[in-house]
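Order of the sequence lines sets the chain letters (A, B, ...), proteins ahead of strands, with each chain counted from 1.
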Amino acid sequence: MRFATWNVNSLKVRLPQVLEWLAANPDLTALALQETKMEDAVFPQAEIEAAGFHVAYIGQKTYNGVAIIAREPLADVQYNLPGYDDPQKRVIAATVAGVRFICAYIPNGQALDSEKYPYKLGWLKVMQGYLADELARHPQLILAGDYNIAPEDRDVHDISKWEGGVLVSPAERQAFQDMLSLGLSDAFRAFEQPDKSFSWWDYRGFSFKKNAGLRIDHLLITPALTEKLTASGIDREPRKHERPSDHTPVWASFRD
DNA sequence: ATGGCCAACTATGTTGGA
């Protein structure tokens with residue numbers, strides 16, 4: 001089985017690319033999507049099901065929005081973070097192939113002096129509590145998504161350009177470490193990986209061509225899954241596509 | 001040079017993303 005996460009930056013624009021990528025990756029069990037940017041009433045459920053997939057989603061107009069697409073039915077779908085009153089649609093979870101698959105679009109934070117930054121840190125605290133609860137129930141669990149956190153300096157093309165800003169601040173990195181402390185591990189770093197591996201590149205300034213990116217999309221997995229982990233990686237192909245998302249898919253494979 | 005691009009909205013500029 002194989003799981004992946006992809007921030008598509010508008011599913012309206014990217015649906016053809018998502019379906020194309022799913023067709024090109026027939027071994028993929030489930031895909032977590034972020035920034036679908038659409039209300040549930042206009043979500044392309046019929047098109048996705050017509051292509052042979054199951055899907056669960058929750059979204060809003062213009063901003064945020066998450067979905068899980070899977071090759072088998074989704075069970076026990078959870079919408080939003082339980083007990084946290086937040087109009088922003090950032091979390092959906094479901095059980096697929098015996099794995100609790102959580103799809104999260106963690107807030108960006110905008111800037112350290114923005115009101116969105118404490119929102120991000122508070123949100124991460126709530127996520128931590130939710131994770132602790134879920135981990136007690138699900139030995140096989142994946143937290144997949146756009147974390148908007150580059151965990152280490154090697155996850156940043158040029159740390160001098162990002163130091164002192166969001167995505168790399170000590171408090172955000174600590175929140176990432178706190179999730180690891182719950183018993184999770186970064187599927188990408190379980191293997192030797194190429195230097196300068198990133199999952200996001202700014203649309204501006206030929207960033208992708210220059211590989212001036214960040215690794216901010218992650219799959220954190222439980223020990224029961226780490227035991228079964230066979231490979232992990234980042235698929236840069238969709239980022240080369242015409243009219244791409246600024247993020248590209250990140251994946252992990254497991255023995256059945 | 002504190003920008004550059006892209007998407008969405010109901011817009012012909014503004015906001016948010018990262």
Distance below 4.0 Å between A:Asn148 side-chain N/O and B:dA18 OP1 or OP2 | yes
B:dT10 and B:dG4, which share atom name P, separated by this distance in whole Å | 23 Å
Rounded to whole Å, NE2 of A:His218 lies from P of B:dA18 at a distance of 12 Å
Quick one: label A:Asn108 by what it contacts on the DNA or RNA (base, sugar-phosphate, nothing), any heavy atom closer than 4.0 Å.
-> base
Establish, from distance only, whether the side-chain atoms of A:Trp162 and A:His157 form a donor-acceptor pair under 3.5 Å.
-> yes
Does A:Arg215 make a cation-pi contact with A:Phe198, if we ask for NZ or CZ under 6.0 Å from the ring centre and within 45° of the axis?
-> no
Could you check how far CG of A:Asn9 sits from C1' of B:dT15, rounded to whole Å?
-> 13 Å
Touch class at under 4.0 angstrom, heavy-atom based, for A:Phe206 against every strand present | nothing
Whole-Å P distance, B:dC6 and B:dA1 = 25 Å
Give the intermediate values and the outcome of side-chain hydrogen bond (donor to acceptor under 3.5 Å, both in side chains) for residues A:Gln174 and A:Ser169.
-> CA-CA 9 Å; A:Gln174 185 58 52; A:Ser169 76; over 6 Å; no
Whole angstrom value for the distance that separates C1' of B:dT15 from CD of A:Gln110 | 9 Å
For A:Tyr105, report the nucleic acid contact type (base, sugar-phosphate, nothing); a contact means any heavy atom under 4.0 Å.
-> sugar-phosphate
Any chance you could lay out the side-chain hydrogen bond (donor to acceptor under 3.5 Å, both in side chains) test for A:Gln110 and A:Tyr117, step after step, and finish with the verdict?
-> CA-CA 7 Å; A:Gln110 198 169 55; A:Tyr117 183 68; over 6 Å; no
Under 4.0 Å between a side-chain N/O of A:Ser10 and OP1 or OP2 of B:dA8, yes or no?
-> yes
What is the distance, rounded to the nearest whole Å, between atom OH of A:Tyr63 and atom P of B:dT14?
-> 14 Å
When rounded to whole Å, the CD1 to P distance for the pair A:Ile106 and B:dA18 reads 11 Å
Select from A:Asn7 and A:Lys37 the residue whose nearest nucleotide in DNA chain B is closer to the 5' end of that strand.
-> A:Lys37
Quick one: is B:dG17 close enough that its OP1 or OP2 comes under 4.0 Å of any side-chain N or O from A:Lys116?
-> yes
Which part of the nucleic acid does A:Asp217 contact within heavy-atom distance under 4.0 Å: base, sugar-phosphate only, or nothing?
-> nothing
Crowding at CZ, A:Phe191 (>12 non-hydrogen neighbours, <6.0 Å) | yes
Same-atom distance (C1') from B:dA18 to B:dT2, integer angstrom | 15 Å
P spacing across the pair B:dT12 / B:dG17, given as an integer number of angstrom | 23 Å
Rounded to the Å, how far apart are A:Lys61 NZ and B:dA11 P?
-> 12 Å
Among B:dA7, B:dA18, B:dA8, find the nucleotide with the atom closest to the side chain of A:Leu214.
-> B:dA18
From the candidates B:dG16, B:dA8, B:dA7, the one with an atom nearest any side-chain atom of A:Arg14 is B:dA7
Verify the contact: side-chain N or O of A:His247 to OP1 or OP2 of B:dA18, cut-off strictly under 4.0 Å; return yes or no.
-> yes
Gap between atoms CH2 and P, on A:Trp200 and B:dC5 respectively (whole Å) = 14 Å
If you pin A:Thr62 and A:Trp162 to their nearest nucleotides in DNA chain B, which one's is more 5'?
-> A:Thr62
Which whole-number value in Å describes the distance from A:Gln60 CD to B:dA7 P?
-> 19 Å
Regarding the side chain of A:Tyr203, the nearest nucleotide among B:dG17, B:dA18, B:dA8 is B:dG17
Do A:Asp202 and A:Lys210 meet the salt-bridge criterion of a basic N to acidic O distance under 4.0 Å?
-> no
Look at the side-chain N and O atoms of A:Arg243 and state whether any lies under 4.0 Å from the OP1 or OP2 oxygen of B:dA7.
-> yes
